[in-house]
Amino acid sequence: MVDSPYVMTLDLNILNHLGINLYSNVPAVLSEIVANAYDADATRVDISIDRQTKTVTITDDGCGMGLEEVNGRFLSVGFRRRESGGAVTPIHGRPVMGRKGIGKLSLFSVARVVSVETVKDGDKNSLIMRLADIERAINSPDGAGSYHPEPQDTDTINFEHGTRITLTDLKKGLGNASSALRKRLARRFSILGSDTNFRLFIDDVEVTVADRDYFHKVQYLWTFGDEAAGVALASKCRKLEHHRHLPCRTGHGAVSGWIGTVGNAKDLKEGTDENLNQITLMTRGKLAHEDLLDELRETSVYRSYMIGELQADFLDSDDQDDIATSSRQRIIEDDPRYASLISWLQNETLPAIRRSWTRLRNEDGKKAALVEPMVEEWFETLGKDTKKKAEKLFGKINQVVVNNEDERKNLLAHMILAFESFRYRDNLEALDGIGPSDLTAVAKIFDDVIEIESVLYHQIVTQRLRVIEKLQDHMDKDDLEKILQKHLYENMWLLDPSWERASEPTMEERIDRAFASINASLAPDVKARRMDIRYRRVTGAHVIVELKRYSVKVTSTELIDQIARYRDALESYLEQNGLKEPVEVVCVVGADLKDWDTSRNKERSKEMLAAAGARVVKYDELLTNAEDGYKEYLRRRQDAGKIRRILDSLADSVNADEDQDGE
């Protein structure tokens with residue numbers, strides 16, 4: 001083996017714990033390399049990704065390193081640059097980001113092979129480090145001590161100054177790496193751009209503030225620190241409706257940055273595993289804590305609408321202890337400086353934001369609700385004090401997390417109905433104070449009662465007509481019994497309007513399981529049979545429903561033979577359990593029975609079925625009767641009152657939106 005001039009000096013077990021397992025994702029690792037480039041006074045960093053070879057290359061135009069610096073700084077784990085006179089970069093005077101000297105160990109979290117090429121003042125150095133060799137060194141008898149990276153030919157170095165790091169044999173897939181990395185790295189740094197003379201490129205495309213891809217979602221914005229910077233930030237928020245600048249000093253130092261809220265909380269969801277509902281913390285322009293909201297005792301609804309980024313450089317002062325954890329992605333929580341920041345957020349800033357947010361959402365909620373003409377008409381009929389309550393209601397609706405505006409309109413309709421119901425309750429409580437001369441007011445109260453009941457029943461009827469249409473569709477398609485069975489089971493009122501509720505309902509049940517106590521006395525062919533629907537009515541009667549596919553035709557004899565087995569099994573079960581309760585059987589068929597060829601035969605068949613405790617209902621008759629009854633109700637209720645007209649208006653608006661979306 002060639003003697004290596006490069007020496008990584010550390011206890012190799014430290015590398016195992018702090019390096020190989022330091023980070024869990026590629027963006028976090030690349031952030032450390034970009035931060036090192038910033039500290040090297042680079043003005044440009046280029047990241048290139050080769051998916052075929054699974055290689056990531058990071059090149060910067062910084063000052064680079066000579067052999068002494070490679071060994072004494074880069075390969076010296078734990079080198080404390082700030083304590084060695086390097087708290088500020090020599091060329092651009094930047095406060096350096098690095099502190100513990102362990103960030104470079106993160107490379108082995110994602111790559112098994114790392115090569116480093118660097119040039120400073122004509123001194124070229126190139127080395128390669130292999131994870132397998134490091135692990136062998138760790139496991140050797142004298143594992144503590146040093147590891148010698150393998151030197152490489154420097155002829156491939158084609159730049160005059162700076163550093164190129166190449167990660168190969170990656171542990172993790174790259175996926176859609178360019179776009180994903182651009183977004184994540186943009187969110188990890190606040191010092192990117194020509195105005196700070198530090199530009200970052202991924203596959204030759206510059207990473208900018210716009211790549212954070214969330215400013216366009218912000219509806220309300222609160223900024224801290226430099227007011228001009230706050231105004232510039234507000235200009236990036238295309239949906240912005242409110243901007244306010246707030247005080248920004250904690251007990252230990254000043255804070256800059258911003259906190260915003262979005263119009264719809266779902267806008268903060270990115271895919272299945274990413275959530276922008278967080279306030280990140282930056283120090284010296286680099287991510288220090290991924291989510292301050294996790295540290296706060298904040299459970300108000302506005303929390304789910306919140307996003308932000310705060311900069312608190314006093315947390316990373318050169319003359320005080322390092323406040324960051326080893327991973328550089330969180331803060332040591334019991335540090336007084338951090339406690340001061342959290343207190344400022346919890347006790348001063350967020351309460352002010354919450355008050356403003358509630359007021360703004362209430363105002364916007366009222367505006368959105370009154371866009372609907374019928375809602376505005378209803379609102380204008382309210383008294384002064386009641387209007388204030390309605391405005392609060394509109395605001396609360398505007399605070400609820402919904403998936404789309406149609407959901408919000410539906411919620412508005414239901415809340416208006418609820419509002420009227422509560423208003424009616426208040427009137428009832430005031431009845432004791434109404435005198436004999438106030439009969440008109442009493443009549444109005446009962447008019448309101450009728451109106452509310454009418455709206456509720458109107459909604460039920462409308463929904464039931466949709467159910468009828470759905471069953472008709474199943475019939476037209478001649479769907480299987482299982483589909484018809486489920487539809488009727490969930491809507492027993494189709495068979496009989498009085499069957500609104502049932503106790504102990506079951507669907508598609510084998511007789512031997514239903515009546516286990518008499519199982520031994522049942523014939524094998526009876527045990528195996530399945531009842532389509534069975535339940536016990538509130539009155540005590542037991543009902544068995546036998547369904548036939550719409551196109552299937554049977555004779556009366558076949559039907560009676562089948563249902564007799566169900567009935568006998570159920571009656572035997574009731575008898576053995578000391579119960580004397582009636583049993584009804586309903587047969588639902590699509591067409592006349594085969595032996596209903598004449599009116600006389602049809603009457604004889606019905607008598608036979610009645611003697612067997614059964615009756616036959618045809619799907620067409622079932623639907624016609626139900627539909628005629630409900631449509632007649634709607635026809636007679638065309639003069640229904642204001643609340644129902646509001647609900648109808650909102651429903652029409654929702655349907656119009658859906659039609660427009662379909663186009």
Side-chain angles (χ1 to χ4, degrees), residues 6 8 10 12 14-38 42 45-60 70 74-75 77 98 102-118 126-139 147 149-153 156-159 162-189 200-205 207 211 270-274 286-287 290 326-329:
Y6 307 113
M8 178 178 281
L10 75 161
L12 290 178
I14 295 177
L15 178 60
N16 189 33
H17 293 293
L18 293 183
I20 299 173
N21 302 305
L22 187 60
Y23 290 88
S24 60
N25 59 77
V26 173
V29 172
L30 295 184
S31 294
E32 291 299 327
I33 302 177
V34 172
N36 286 344
Y38 180 84
V45 180
D46 283 89
I47 298 175
S48 61
I49 301 167
D50 189 328
R51 292 177 184 78
Q52 291 185 337
T53 62
K54 294 184 178 180
T55 300
V56 178
T57 303
I58 308 95
T59 306
D60 71 64
V70 171
F74 184 78
L75 294 178
V77 178
I102 62 173
K104 76 267 299 186
L105 299 182
S106 65
L107 303 176
F108 297 106
S109 299
V110 298
R112 295 181 179 87
V113 179
V114 177
S115 67
V116 180
E117 299 167 282
T118 186
S126 180
L127 60 106
I128 189 168
M129 296 178 284
R130 305 179 192 277
L131 181 58
D133 294 339
I134 294 173
E135 289 175 335
R136 275 194 292 271
I138 291 172
N139 295 322
Y147 161 72
E150 182 180 340
Q152 298 290 294
D153 193 338
T156 58
I157 297 178
N158 55 0
F159 48 91
T163 300
R164 179 164 62 205
I165 296 176
T166 305
L167 309 178
T168 56
D169 195 7
L170 298 182
K171 299 179 181 179
K172 302 177 183 295
L174 293 172
N176 188 16
S178 294
S179 60
L181 280 177
R182 184 171 291 108
K183 182 186 294 184
R184 288 175 174 83
L185 288 177
R187 293 173 181 174
R188 286 177 171 269
F189 292 96
L200 172 64
F201 293 78
I202 298 179
D203 289 337
D204 295 324
V205 179
V207 178
D211 286 309
E270 291 188 331
T272 57
D273 58 349
E274 290 208 41
K286 179 174 175 286
L287 179 69
E290 292 186 318
S326 297
S327 69
R328 316 301 295 176
Q329 297 182 86

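The side-chain heavy atoms of Thr57 and Thr59, taken from C-beta on, include a pair separated by under 4.5 Å. Annotation: side chain of Val113 is in contact with side chain of Ile128 (closest heavy-atom distance under 4.5 Å). With contacts defined as side-chain heavy-atom distances shorter than 4.5 Å, the pair Ile47/Asp203 does not qualify. Using a 4.5 Å heavy-atom cutoff, the side chains of Met129 and Val114 are in contact. Within the 4.5 Å cutoff, the side chain of Asp46 has no heavy atoms near those of the Ile58 side chain. In this structure the side chain of Arg130 never reaches within 4.5 angstrom of the side chain of Arg136, judged on heavy atoms.
Here the shortest heavy-atom pairing between Pro27 and Arg184 reads CG-CD, 3.3 Å. When every heavy atom of Ala111 is checked against every heavy atom of Leu167, the shortest pair comes out as CB-CB, 3.8 Å. The two residues Thr118 and Gly162 make their nearest non-hydrogen contact at OG1-O, 3.1 Å.
One finds the OH atom of Tyr38 at 14.0 Å from the CG atom of Asp60 (value rounded to the nearest 0.5 Å). Residue Lys54 holds its NZ atom at 8.0 Å from CG of Leu170, rounded to the nearest 0.5 Å.
Thr156 is linked by a side-chain hydrogen bond (donor to acceptor under 3.5 Å, both in side chains) to Glu117, counting only residues two or more places apart in sequence or in another chain. Scored by the side-chain hydrogen bond (donor to acceptor under 3.5 Å, both in side chains) test, Asn158 finds Arg164 as partners (sequence neighbours excluded).
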side-chain contact (heavy atoms from CB on, under 4.5 Å) for Phe201 and Val207? Distances and angles first, verdict last.
CA-CA 6 Å; Phe201 293 78; Val207 178; over 6 Å; no
Can you check side-chain contact (heavy atoms from CB on, under 4.5 Å) on Val205 and Arg182, steps first, answer last?
CA-CA 9 Å; Val205 179; Arg182 184 171 291 108; 3.2 Å; yes
Evaluate side-chain contact (heavy atoms from CB on, under 4.5 Å) for Glu290 paired with Arg188, printing each intermediate quantity in order.
CA-CA 9 Å; Glu290 292 186 318; Arg188 286 177 171 269; 3.3 Å; yes
Does the side-chain contact (heavy atoms from CB on, under 4.5 Å) test come out yes or no for Lys171 and Leu131, once each step is laid out?
CA-CA 11 Å; Lys171 299 179 181 179; Leu131 181 58; 3.7 Å; yes
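Applying side chain to side chain contact (heavy atoms under 4.5 Å, CB included) to Arg112 and the options Ile134, Thr168, Asp169 leaves one that passes, Asp169. Of the listed residues (Ile49, Leu30, Val45), just one forms a side chain to side chain contact (heavy atoms under 4.5 Å, CB included) with Ile202, and that residue is Ile49.
Under a cut-off of 6.0 angstrom, the local environment of CG in Asp204 is sparse, with at most 12 non-hydrogen atoms contributed by other residues, nucleotides or ligands.
Between the side chain of Ser31 and the backbone N or O of Val29 there is no donor-acceptor pair closer than 3.5 Å.
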